[in-house]
Amino acid sequence: MLLLTVKHIIADFVLQSSWMAIGKDQKTGWALPLLAHCLVHLAVAMTLILLVAPKFWFVAVIDFVIHITVDRAKGFCASTFNVTQEHKHPWFWTLIGVDQALHHLTGFGLAIFMAANG
């Protein structure tokens, strides 16, 4: 769990550019920033997992698929319903919180899977 939390902090905050963060939530032109952001997640997860538990390399791919799905759903909600900070939407921080909770639950579930199958 700690490994996947470190991965999340690095990929979602340290290595995510403004182009990725803003671009992935747009009505159009979201695909490339979203893909770039999620490929960063894949690269960081793969690197850390290969260093610690290489037999679970495929967990990085599962994390990638879940991450791109969650982030696209958030982007769809943000762009369709104007749930943005710029629009001062009252659900903006709730949407961010749900997004982050889903990412952490993903890490928790994948950590349980790895621990149970280690």
Side-chain angles (χ1 to χ4, degrees):
M1 183 67 202
L2 181 60
L3 179 80
L4 292 173
T5 300
V6 168
K7 181 276 305 180
H8 186 76
I9 291 167
I10 292 168
D12 231 33
F13 297 101
V14 177
L15 298 178
Q16 182 171 203
S17 68
S18 295
W19 172 74
M20 293 174 193
I22 295 166
K24 66 184 181 166
D25 289 346
Q26 299 304 306
K27 236 185 221 321
T28 61
W30 54 265
L32 190 56
L34 176 63
L35 180 61
H37 170 63
C38 292
L39 285 172
V40 169
H41 273 273
L42 177 62
V44 175
M46 188 68 75
T47 300
L48 293 175
I49 290 170
L50 287 175
L51 287 171
V52 175
K55 79 175 192 174
F56 291 115
W57 64 268
F58 59 91
V59 168
V61 177
I62 295 168
D63 182 67
F64 168 81
V65 170
I66 294 171
H67 200 95
I68 204 166
T69 302
V70 169
D71 275 14
R72 182 59 202 133
K74 179 181 80 68
F76 177 81
C77 289
S79 64
T80 302
F81 305 109
N82 291 319
V83 183
T84 64
Q85 203 168 22
E86 294 77 26
H87 289 99
K88 296 182 177 17
H89 197 287
W91 288 4
F92 172 75
W93 290 109
T94 301
L95 184 60
I96 297 290
V98 169
D99 170 77
Q100 290 300 303
L102 290 171
H103 292 317
H104 289 290
L105 285 171
T106 299
F108 185 63
L110 294 174
I112 289 172
F113 171 80
M114 289 188 285
N117 293 284

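Since the model is a prediction, treat every value here as computed from it, not as a measurement. Excluded from the calculations below are hydrogen atoms, water molecules and symmetry mates; all remaining heavy atoms, backbone and side chain alike, are included. Residue numbers start at 1 and run along the sequence shown.
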*Asks:* Indicate yes or no: at least one non-hydrogen side-chain atom of W30 is less than 4.5 angstrom from one of F76.
*Replies:* no
*Asks:* Any link between V52 and F108 through a network of hydrophobic side chains (Ile, Leu, Val, Met, Phe, Trp, Tyr) touching at under 4.5 Å?
*Replies:* no
*Asks:* Which value, rounded to the nearest 0.5 Å, describes the distance between I68 atom CD1 and H41 atom NE2?
*Replies:* 10.5 Å
*Asks:* Using side-chain heavy atoms (C-beta onward) and a distance below 4.5 Å, is V40 in contact with M20?
*Replies:* yes
*Asks:* Can you tell me how far apart OG1 (T5) and NZ (K7) are? Round to the nearest 0.5 Å.
*Replies:* 9.0 Å
*Asks:* Quick check: does any side chain N or O of K27 sit under 3.5 Å from a backbone N or O of S79, one acting as donor and the other as acceptor?
*Replies:* yes
*Asks:* Group every Ile, Leu, Val, Met, Phe, Trp and Tyr by side-chain heavy-atom contacts under 4.5 Å, then state whether I9 and V44 land in the same group.
*Replies:* no
*Asks:* Assess whether atom CH2 of W57 is packed by more than 12 heavy atoms of other residues, nucleotides or ligands within 6.0 Å.
*Replies:* no
*Asks:* Do the non-hydrogen side-chain atoms of F92 and Q85 ever get within less than 4.5 Å of each other?
*Replies:* yes
*Asks:* For the residue pair W19 and A36, what are the closest heavy atoms and their distance?
*Replies:* CZ3-CB, 3.7 Å
*Asks:* A side-chain contact here means heavy atoms from C-beta on lying under 4.5 Å apart; do M46 and V61 qualify?
*Replies:* yes
*Asks:* Say you draw a straight line from CD1 of I49 to CG of L4; how long is it, rounded to the nearest 0.5 Å?
*Replies:* 5.5 Å
*Asks:* Would you kindly confirm whether F58 and L3 end up in one hydrophobic cluster when ILVMFWY residues are joined by side chain heavy atoms under 4.5 Å apart?
*Replies:* yes
*Asks:* Restricting to salt bridge (Lys or Arg N to Asp or Glu O under 4.0 Å), what partner residues turn up for D25, sequence neighbours left out?
*Replies:* K74
*Asks:* Should F56 and I62 count as side-chain neighbours, where that means a heavy-atom distance under 4.5 Å?
*Replies:* no
*Asks:* What is the minimum heavy-atom distance between A45 and D63, and which atoms define it?
*Replies:* CB-OD2, 4.4 Å
*Asks:* Please tell me if the side chains of D99 and D71 come closer than 4.5 Å, counting only heavy atoms from C-beta onward.
*Replies:* yes
*Asks:* Just by distance, no angles: are the side chains of D12 and H8 close enough, under 3.5 Å, to form a donor-acceptor pair?
*Replies:* yes
*Asks:* Working to the nearest 0.5 Å, report the span between SG of C38 and CD1 of I66.
*Replies:* 11.5 Å
*Asks:* Give a yes or no on whether I10 and L39 share a hydrophobic cluster (residues Ile, Leu, Val, Met, Phe, Trp, Tyr; joining criterion: side-chain heavy atoms under 4.5 Å apart).
*Replies:* yes
*Asks:* Check the pair H89, L95 against side chain to side chain contact (heavy atoms under 4.5 Å, CB included), reporting the backbone distance first and the verdict last.
*Replies:* CA-CA 10 Å; H89 197 287; L95 184 60; over 6 Å; no
*Asks:* Membership question, hydrophobic clusters at under 4.5 Å side-chain separation (ILVMFWY): are V65 and L110 in the same one?
*Replies:* yes
*Asks:* So how far is it from T84 OG1 to Q26 CD, rounded to the nearest 0.5 Å?
*Replies:* 9.0 Å
*Asks:* How about H67 and T106: do any of their side-chain heavy atoms sit closer than 4.5 Å?
*Replies:* no
*Asks:* Are H103 and V70 side-chain neighbours, meaning at least one heavy-atom pair lies under 4.5 Å?
*Replies:* yes
